[in-house]
Amino acid sequence: MIEEKKKISLLQNSIYMFKFLNILFQEKLHPLKMLKVRFIHYRDSSLQVKNLAKETTELNKSLKSSIKTIPKKHTLRTLNYPLLILFDAENMPIQEHYKLIRTIVIEEFGSKSWNKAKLETAYKESTEFYNNAGYNQSINTHYVDYGKDKADDKLVEIAQNLKIPNIIIVSNDNALIIRLQEVSNTIKSGKFFAYNGRFLKEYTKTNEAIKKSKLQSLKEKREQLFKEYTQVNQEIEHLEKTFTKAKKITYKAKQSIPKTIKKKPTLSKNLIIANLDENIRKDLTINPLFINFTEKLVQVDAPSHKEAKIQVHKVLKVFETLPAIHNLLKTKGLEISVFKIALRYAINEFDVNNYQSNNFIEFIQEMIEESAVKLVLKKPSQYKLLFKETLFNELEMSEVLKVNDYGLKEGVLENNFSTSLDSEFLKNLKSRL
């Protein structure tokens, strides 16, 4: 330190000498007195600058000492187990603050301290209604007689008898707080904490402010993450478009190779020579239900009712050999629209009007007589073909019966009127039918 001061002093003297020689050089013929005045002027000004720097340093030190230090981050208080928590229930009803006290103790001292703590309270039986007796089974409740400060005396007695060094009192009663502070002072290594209504209010306010701050921080973080997500998503879309373009180029290159050309489905000879609408031909080619159907059946002319019935029965026989259609006839039923496509192929220029039928349903009823299938109606308006031996849910389906000349369905007389009409009358009526 002394050597540094000597170096500084030597440097200052050198500066003064340099300044003096400079003046001497500039003022060659001036009187010596004038030179002396100028030297003193430069020396004094240098000293003033030095004093000013010293004053500035001292001012900075005083400012630093006046600045308050930032408080350290809150850490859990370490306490020796157990912890005694006394609730002044007559002064502060338990149900109004119990959960908050639990939160504070866990936050301040840890969950182990709360789990091992002894919770005690005391009040008169007459005040039980607003203290909500049995609010928490872990709180040990002491009932006291009528009289001034009886509950307070009991809490003080509990603290004296248990002699637990770590005491927390939940109360607004300053007198009780002072008494328990004195008890804590008599216990070795005693620590005392008082939670009154003002403390709880300030804690709640601070806690809400912290939560709001955290919420705002999380929202900002979410917004930032969303921006990053949008940016990343845009980059992904860009890369995917690049790969898609590359795939298209590769696909076009493959298409140029003859081996990769997809073959059209082969048509059966029967289907090729058949007289058909192109839409029907397409259905027969694409619909998997018609696989091998046209190979097994040739289109014919059927101008008469009898010839049409023969061809319809051939269609039904082929249906029985096709696994997919056979399964539908045996279980769920085959849509009549599929049956109609098959008939438009099987019969050249098929039209129900050629057979004196009013509609396709009536035509089917006439054609499937003496066949293995029956016509059913799945509510509300879906017609299907089923094997006759196939059972069905009568709530969902009903068999479509042929209507006779009297407008009655076959079998309706026996089912609905056998108990209400004379049996001889029924026989005569049936003979007429």
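Just so it is clear, the model here is predicted, and its values are computed rather than measured.
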Task: Greater than 12 external heavy atoms within 6.0 Å of Arg179's CZ - done: yes
- [ ] Look at the side chain of Ser213 and the backbone N and O of Ala209, then say whether any donor-acceptor pair between them is shorter than 3.5 Å.
- [x] no
Task: Ser304-Glu307 side chain donor-acceptor pair, cut-off 3.5 Å - done: yes
Open item on the list: I'd like to check the side chain to side chain contact (heavy atoms under 4.5 Å, CB included) partners of Glu349; sequence neighbours left out, ordered by chain and number.
Closed with: Asn275
TODO: Could you tell me whether Glu202 and Arg198 have a side-chain N and a carboxylate O separated by less than 4.0 Å?
DONE: yes
Task: Donor-acceptor pair, side chain of Asn327 and main chain of Pro323, under 3.5 angstrom - done: no
Task: Heavy-atom neighbours of Lys124 NZ exceed 12 at 6.0 Å - done: yes
Open item on the list: Return the CD to CD1 distance between Glu335 and Ile341, rounded to the nearest 0.5 Å.
Closed with: 11.0 Å
Task: Residue pair Gln356 / Glu362: nearest heavy atoms and the distance that separates them - done: O-OE2, 4.2 Å
TODO: Establish, from distance only, whether the side-chain atoms of Tyr203 and Glu108 form a donor-acceptor pair under 3.5 Å.
DONE: no
Open item on the list: Quick check on Lys282: does its NZ atom have over 12 non-hydrogen neighbours (other residues, nucleotides or ligands) under 6.0 Å away?
Closed with: no
Task: Heavy-atom pair of closest approach, residues Ala122 and Leu155 - done: N-CD2, 4.1 Å
Task: Heavy-atom closest pair, residues Ile177 and Ala194 - done: CG2-CB, 3.9 Å
Task: Spacing of CZ belonging to Arg102 relative to CD1 belonging to Ile106, to within rounding of 0.5 Å - done: 4.0 Å
Open item on the list: For the residue pair Thr121 / Thr141, report whether a side-chain donor-acceptor contact shorter than 3.5 Å exists.
Closed with: no
Open item on the list: Can you confirm whether Leu329 sits close enough to Leu386 that some side-chain heavy atom of one is under 4.5 Å from a side-chain heavy atom of the other?
Closed with: no
TODO: Verify whether one side chain among His313 and Glu370 offers a donor that lies under 3.5 Å from an acceptor in the other.
DONE: no
Task: Cationic N near anionic O, under 4.0 Å, Glu396 to Lys378 - done: no
Task: Check: Arg281 side chain, Leu271 main-chain N or O, donor-acceptor pair, under 3.5 Å - done: yes
- [ ] Would you confirm whether the ring centroid of Tyr195 sits within less than 6.0 angstrom of the ring centroid of His97?
- [x] no
- [ ] Establish, from distance only, whether the side-chain atoms of Asn172 and Asn196 form a donor-acceptor pair under 3.5 Å.
- [x] no
Task: salt bridge (Lys or Arg N to Asp or Glu O under 4.0 Å) between Lys309 and Glu369, intermediate numbers included - done: CA-CA 9 Å; Lys309 192 169 186 178; Glu369 289 178 348; 3.7 Å; yes
Task: Sidechain-backbone polar pair: Glu320 side chain, His326 backbone, donor-acceptor under 3.5 Å - done: no
- [ ] For side-chain contact (heavy atoms from CB on, under 4.5 Å), just list the numbers for Leu119 and Trp114, CA-CA rounded to whole Å, side-chain angles, deciding distance to a tenth of an Å, and then say yes or no.
- [x] CA-CA 9 Å; Leu119 311 181; Trp114 173 262; 4.0 Å; yes
- [ ] Ignoring hydrogens and angles, tell me if any N or O in the side chain of Gln311 forms a donor-acceptor pair with the backbone of Ala346 under 3.5 Å.
- [x] yes
Open item on the list: Using 30° and 60° as the class boundaries, would you call the ring planes of Tyr143 and Tyr123 parallel, tilted or perpendicular?
Closed with: perpendicular
TODO: Evaluate the side-chain proximity of Phe363 to Asn358: yes if any heavy-atom separation is below 4.5 Å, no if none is.
DONE: no
TODO: Using a 4.5 Å cut-off on heavy atoms from C-beta on, say whether the side chain of Thr204 contacts that of Phe199.
DONE: no
Task: Step-by-step side-chain contact (heavy atoms from CB on, under 4.5 Å) determination, Leu83 to Ile164 - done: CA-CA 7 Å; Leu83 180 66; Ile164 296 175; 5.8 Å; no
TODO: Evaluate the side-chain contact (heavy atoms from CB on, under 4.5 Å) criterion for residues Leu162 and Lys118: first the C-alpha distance (whole Å), next the side-chain angles of each, then the deciding distance (0.1 Å), finally the verdict.
DONE: CA-CA 10 Å; Leu162 294 177; Lys118 289 185 68 65; 3.8 Å; yes
TODO: Working to the nearest 0.5 Å, report the span between CD of Glu278 and CG of Asp283.
DONE: 11.0 Å
Task: Exam field: side chain Ser357 to backbone Asn359, donor-acceptor pair closer than 3.5 Å - done: no
Task: Check: Thr242 side chain, His238 main-chain N or O, donor-acceptor pair, under 3.5 Å - done: yes
Task: Residue pair Ile347 / Tyr355, side-chain heavy-atom distance below 4.5 Å - done: yes
Task: Atom NZ of Lys340: over 12 foreign heavy atoms under 6.0 Å - done: no
Task: Closest heavy-atom pair and its distance - Ala159, Ile187 - done: O-CD1, 4.4 Å
- [ ] Over all heavy atoms of both residues, which pair between Leu289 and Leu322 is shortest? Give the atoms and the distance, please.
- [x] O-CD1, 3.8 Å
Open item on the list: Using 0.5 Å steps for rounding, measure from the CD1 atom of Ile85 to the CD1 atom of Ile167.
Closed with: 11.5 Å
Open item on the list: A quick test of your reading: do over 12 heavy atoms of other residues, nucleotides or ligands sit less than 6.0 Å from CG of Leu391?
Closed with: no
Task: Distance (rounded to the nearest 0.5 Å) between Ile310 CD1 and Met367 CE - done: 10.5 Å
Task: Rounded distance [0.5 Å steps], CG in Leu267 versus CG in Leu284 - done: 10.0 Å
Task: Flag side-chain contact, heavy atom, 4.5 Å: Thr285 against Thr294 - done: no
- [ ] Would you please name every residue forming a side chain to side chain donor-acceptor pair (under 3.5 Å) with Asp145, sequence neighbours left out?
- [x] none
Open item on the list: Pairing donors with acceptors under 3.5 angstrom, does anything connect the side chains of His142 and Glu120?
Closed with: yes
Task: Donor-acceptor pair, side chain of Lys374 and main chain of Thr390, under 3.5 angstrom - done: yes
- [ ] Flag the pair Phe192 / Ile168 as yes when at least one side-chain heavy-atom distance between them is below 4.5 Å, and no otherwise.
- [x] no
Open item on the list: Between Phe109 and Phe193, is the ring centroid distance below 6.0 Å?
Closed with: yes
- [ ] In sequence, state the C-alpha distance, the side-chain angles, and the governing distance for Val315 and Tyr345, and then conclude on side-chain contact (heavy atoms from CB on, under 4.5 Å).
- [x] CA-CA 10 Å; Val315 171; Tyr345 162 76; over 6 Å; no
Open item on the list: Could you tell me if the side chain of Leu84 sits less than 4.5 Å from the side chain of Leu86, heavy atoms only?
Closed with: yes
- [ ] If the plane angle is over 60° it's perpendicular, under 30° parallel, otherwise tilted; pick one for Phe350 and Phe360.
- [x] perpendicular
Task: Contact check, side chains of His305 and Glu366, non-hydrogen atoms, under 4.5 Å - done: yes
Open item on the list: Minimum heavy-atom separation for Leu375 and Ile368, please, with both atom names.
Closed with: N-CD1, 3.7 Å
